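Just so you know, these numbers come straight off a predicted model, no measurement behind them.
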Amino acid sequence: DAIARWEHITEREAPAPALLNEAQGPRPAPEFVEWLMGLPARWVTDPDHGLTQNQQVTVLGNGVVPLQASTALALSMT
């Protein structure tokens, strides 16, 4: 239900949630993490950026969720 709601809010279909790898097991898909964070498509995952999938997940993991940040700032102003 939460995925369907976020798809409706973002007006984007959810990407596949995991990268499947028989040797290491499933890993989070960078496109899915980017989508969950509410970032524009390919903000981090654009191939032109030249980042590996591991680098993309690292960048996203160190990033800020814009909606959460703006809410925190708005609440701190009150």
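When atom types are taken as modelled, the side chain of Trp6 and the backbone of Asp1 share no donor-acceptor pair closer than 3.5 angstrom. Using a distance-only test at 3.5 Å, with no hydrogens or angles considered, no donor-acceptor pair links the side chain of Glu13 to the main chain of Glu7. Although no hydrogens or angles enter the test, the distance criterion places no donor-acceptor pair under 3.5 Å between the side chain of Gln56 and the main chain of Gln53.
No option in Thr58, Leu60, Val33 other than Leu60 meets the side-chain contact (heavy atoms from CB on, under 4.5 Å) test with Val44.
Taking 4.5 Å as the limit, every side-chain heavy atom of Trp43 sits out of range of all side-chain heavy atoms of Val59.
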Under 3.5 Å, which donor-acceptor pairs link side chains of residues 14-24 to any protein atom two or more places apart or in another chain?
| residue | atom | partner | partner atom | Å |
| --- | --- | --- | --- | --- |
| Asn21 | OD1 | Ala23 | N | 2.8 |
| Asn21 | OD1 | Gln24 | N | 3.3 |

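Cluster membership for Ile9 and Trp35, using ILVMFWY side-chain heavy atoms within less than 4.5 angstrom, is shared. Transitive grouping of hydrophobic side chains (ILVMFWY, heavy atoms separated by less than 4.5 Å) brings Leu51 and Met37 into a common cluster. Val65 and Leu36 are members of different hydrophobic clusters when ILVMFWY side chains are connected at heavy-atom separations under 4.5 Å.
Using modelled atom types, one finds a donor on one side chain and an acceptor on the other under 3.5 Å when comparing Glu34 with Thr45.
With sequence neighbours excluded, the residues forming a side-chain hydrogen bond (donor to acceptor under 3.5 Å, both in side chains) with Asn54 are Arg27, listed by chain and number.
Summarising the local packing, CD of Gln68 is surrounded by 12 or fewer heavy atoms from other residues, nucleotides or ligands at distances under 6.0 Å.
Across all non-hydrogen atoms, the minimal contact from Val57 to Pro28 is CG2-O, 3.9 Å. Minimum heavy-atom separation, Leu67 to Ser70: O-OG, 3.1 Å.
Put simply, CD on Glu31 and CG on Asp46 are 10.5 Å apart, with the number rounded to the nearest 0.5 Å.
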